Amino acid sequence: MTITQCYDADLFTMYSFFPVAIQVRTLVAFLSILTLIEVAGEDVIRHAKLSPIRNHLAKPHNVHSLAYGSRYATEDIPKYKLPEKSTEAQAAYQLIHDELELDGRPNTNLASFVHTWMEPEADKLIIENMSKNLSDQDEYPATMRIHARCISIIGDMWKAKGAVGTSTIGSSEAVMLGGLAMKKRWQAKMKALGKDTSRPNIVMGNNAQVALEKFARYFDVECRLIPVTPESHYCLDIHKAVEACDENTIGVYVILGSTYTGHFEDVEGMAKGLDQIQEEKGWDIPIHVDAASGGFVAPFAFPKLKWSFDVDRVKSINTSGHKYGLAYAGIGWVLWKSEEYLPKELVFTLTYLGAEEQTFTLNFSRPACFMIAQYYNFVRLGKQGYTSIIENDLNNARILSMALEESTYFDVVSDMHRAKGVFGYGKKSNLDSIKQIIAGANDYNPALPVVAFKLSDQFMAENPHVKQAALSTLLRTRGWIVPNYALPPALDKMEILRIVVRESFSQELVDTVVMDLIWAVETLAASESSFDIDIFVRKNDPVADAHKLDHHEGSSHGPTGRQC
């Protein structure tokens, strides 16, 4: 068997008849040989195409649409330059389709918050309206009425009367609009007082998603990142955030659902801290809630939690419709409590295609179909449907958390499966606490259906040769995408694995991933030497490159990048 043939084979199937220790040693030894071969893949392919085996053809074949298009694809498909000639539609489809088959399966991508399934009726609506531009307000009046209804529905869900807002491409655009509104309002206030407006700052936890830092960098606002601690539940420390505020603070970003561990930051507690600042120093500092993930979780799973517009200091909120709003990627929302909090400088009135319209988004042209898909969910599911789905997600996440703890191989860093007020993986869930919750004497900690976990301290002490990152890589051989990454500063020496439980992650899949996690741990433990994860790392990983910021000298975060 050649090296290429071995590389293409399913290595773990190949060695399945040998003891586990021999399997791992053999695989590691073999892959170590591959790392010694310093050959660029595209150079190998280019040299192979110069071989006489290719020149025996009388003339190049065109790419046909007969039967299976790629059967005739002996010519290169376009990669870096526009081709000179056209290709038949069926063949173009087949070639691109076949390449995309190499992607991970969305259903087993446990890394992503993005929703991956909708009902056939929603798919039909999306296809029917795919060509509509949401910016063409005069041409598509029915679409704009549906847009206005969505704003009203979300505003009511977040306990506001008279809220204003807009759809966006996603939460990244939405959170920047919320930040811009705070900056403009702060500048107007400072100008009215005759004070300097050149040094605005914004306060947020170091667990902030990269879009929040982008806002500060793109729009010239000093970003005051608050280090996270176990005591702050790996997210915003309210006391340190209060200390970081001054008269130049345009606002505080509070995150309802950390992408690292799923914890909800304490919006009401942060508001009380800012109330005290205003009472003592006169600084009126607003809150923008980044509810990218939690905006469609809290209203249904934790209806008594105060976090939205019923907290007076909360002036704006954003969310992703394509996360727990259960729509496909491409729809976000930002709302302000009232028109008072949407500065006029952000609103443009323009004449477009013969009609006068107002716009206050960063993007202009954008698809209407995903907004319509969001409205479909509102009509189809209602409060009952959303509540049922979100509670199912949380239940599956809690079962997964408890199973991981029960295995003794893992410490669960997230706290969504623990009784309200109980935090920390040193305090494992027990039967008594579960009975109290069922009896109604207690409740669970409000959080996202996200399970963040790591190899237990006991396991690592007994198996120091095991690298946690190898666990993530080994799971890929079973089809699972489970990220392993460092917590934010100042806890970035601690790595965790994360599973996001979505609607498509059924109880059966929970059972399967638990068994595969245990298999992976026991496989690594059985190896006599460390599993060299560097063997599997691409020199240029497009996923890693897309999800990481460059590490600049003096940066407050390391080369592991921010969470997306």
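Side chains included, hydrogens not; waters and symmetry mates left out as well; all remaining heavy atoms used. All residue numbers refer to positions in the sequence shown, counting from 1. Predicted model only: the values in this text are computed from it and were never measured.
The backbone N or O of Asn109 sits nowhere less than 3.5 Å from a side-chain atom of Ser112 that would complete a donor-acceptor pair. Side chain of Thr477 to main chain of Leu474: a donor-acceptor pair is present (N/O by atom type, distance under 3.5 Å, no hydrogens or angles). Put simply, the side chain of Ser258 never gets that close to the backbone of Cys235: no donor and acceptor are under 3.5 Å apart. A donor-acceptor pair is defined here as one N or O able to donate and one able to accept, closer than 3.5 Å; no such pair exists between the side chain of Asp237 and the backbone of Ile226. No donor-acceptor distance shorter than 3.5 angstrom exists from the side chain of Ser456 to the backbone of Asp411, with no hydrogens or angles considered. Using modelled atom types, one side-chain atom of Thr523 and one backbone atom of Trp519 make a donor-acceptor pair closer than 3.5 Å. With Ser472 contributing its side chain and Gln468 its backbone, the two residues share no donor-acceptor pair below 3.5 Å. With hydrogens and angles ignored, the 3.5 Å screen pairs no side-chain donor or acceptor of Asn107 with any backbone N or O of Phe505.
Scanning both residues, Gly295 and Leu256, for their nearest heavy atoms gives N-CD2, 4.4 Å. Looking at every heavy atom in both residues, Asp415 comes nearest to His263 through OD2-NE2, 2.7 Å. Summarising the geometry of Tyr328 relative to Met118, their closest heavy-atom pair is OH-N, 3.2 Å, with the distance given to 0.1 Å. Pro449 and Met416 make their closest contact through CA-CE, 4.2 Å (heavy atoms, listed as atom of the first residue, atom of the second, distance). Taking each heavy atom of Ala244 and Arg224 in turn, the nearest pair found is O-NH1, 2.7 Å. For the residue pair Ala291 and Trp307, the shortest heavy atom distance occurs at CB-CZ3, 3.9 Å.
Atom CD of residue Glu268 and atom CD1 of residue Ile238 lie 10.0 Å apart, to the nearest 0.5 angstrom. Note that CD of Gln374 is 6.0 Å distant from CH2 of Trp333, once rounded to the nearest 0.5 Å. Here the straight-line distance linking atom CZ of Phe300 with atom CD1 of Ile389 works out to 10.0 Å at 0.5 Å rounding. For the atom pair His322 NE2 and Ile169 CD1, the distance stands at 10.0 Å (nearest 0.5 Å). Rounded to the nearest 0.5 Å, atoms CD (Glu213) and OH (Tyr218) are 11.0 Å apart. Note: Leu509 CG to Asn396 CG = 9.0 Å, rounded to the nearest 0.5 Å.
No more than 12 heavy atoms of other residues, nucleotides or ligands shown are found within 6.0 angstrom of CD on Glu406. Counting heavy-atom neighbours within 6.0 Å of Glu99 CD, excluding the residue itself, gives a total of 12 or less.
Proximity of Leu524 to Asn463: side-chain heavy atoms (C-beta onward) are nowhere separated by under 4.5 Å. Residues Pro489 and Asn206 meet the side-chain proximity criterion, which asks for heavy atoms closer than 4.5 Å. The shortest side-chain heavy-atom distance between Leu404 and Tyr409 does not fall under the 4.5 Å cut-off. Using a 4.5 Å heavy-atom threshold, the side chains of Arg476 and Thr473 count as separate. The shortest distance between side-chain heavy atoms of Val450 and Arg498 falls below 4.5 Å. Looking at heavy atoms from C-beta onward, Asn207 lies out of side-chain contact with Met204 at the 4.5 angstrom threshold. Looking at Val451 and Phe410, their side chains never come closer than 4.5 Å, going by heavy atoms from C-beta outward. When side chains are defined from C-beta on, Leu326 does not count as touching Trp117, because their heavy atoms never get closer than 4.5 Å.
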Applying side-chain hydrogen bond (donor to acceptor under 3.5 Å, both in side chains) to Asn201 and Thr249, what does each step give before you reach the verdict? CA-CA 5 Å; Asn201 68 72; Thr249 302; 2.8 Å; yes
Does the side chain to side chain contact (heavy atoms under 4.5 Å, CB included) test come out yes or no for Phe453 and Ile499, once each step is laid out? CA-CA 9 Å; Phe453 58 104; Ile499 291 177; 3.9 Å; yes
As a quick check of understanding, evaluate side chain to side chain contact (heavy atoms under 4.5 Å, CB included) for Leu487 and Val228, giving each step before the final call. CA-CA 9 Å; Leu487 284 172; Val228 303; 5.7 Å; no
Run the side chain to side chain contact (heavy atoms under 4.5 Å, CB included) check on Ile255 and Leu236 step by step: do they pass? CA-CA 8 Å; Ile255 303 168; Leu236 182 68; over 6 Å; no
Could you go through the side-chain hydrogen bond (donor to acceptor under 3.5 Å, both in side chains) check for Asn395 and Glu391 one step at a time? CA-CA 6 Å; Asn395 287 337; Glu391 286 183 348; 5.9 Å; no
Apply side chain to side chain contact (heavy atoms under 4.5 Å, CB included) to residues Val412 and Arg418 and explain how you reach the verdict. CA-CA 10 Å; Val412 179; Arg418 298 190 175 101; 4.2 Å; yes
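Under the salt bridge (charged side-chain N to carboxylate O under 4.0 Å, His left out) criterion, Lys159 pairs with Asp310, sequence neighbours left out. Qualifying ring-ring contact (aromatic ring centres under 6.0 Å, His included) partners for Phe296, counting only residues two or more places apart in sequence or in other chains: Tyr386. For the side chain to side chain contact (heavy atoms under 4.5 Å, CB included) test, residues two or more places apart in sequence or in another chain that qualify with Ser171 are Ala292, Asn318, Ser320.
For the pair Lys420 and Phe302, the cation-pi criterion (under 6.0 Å, within 45° of the ring axis) is not fulfilled.
Between Tyr260 and Tyr234, the gap from one ring centroid to the other reaches at least 6.0 Å.
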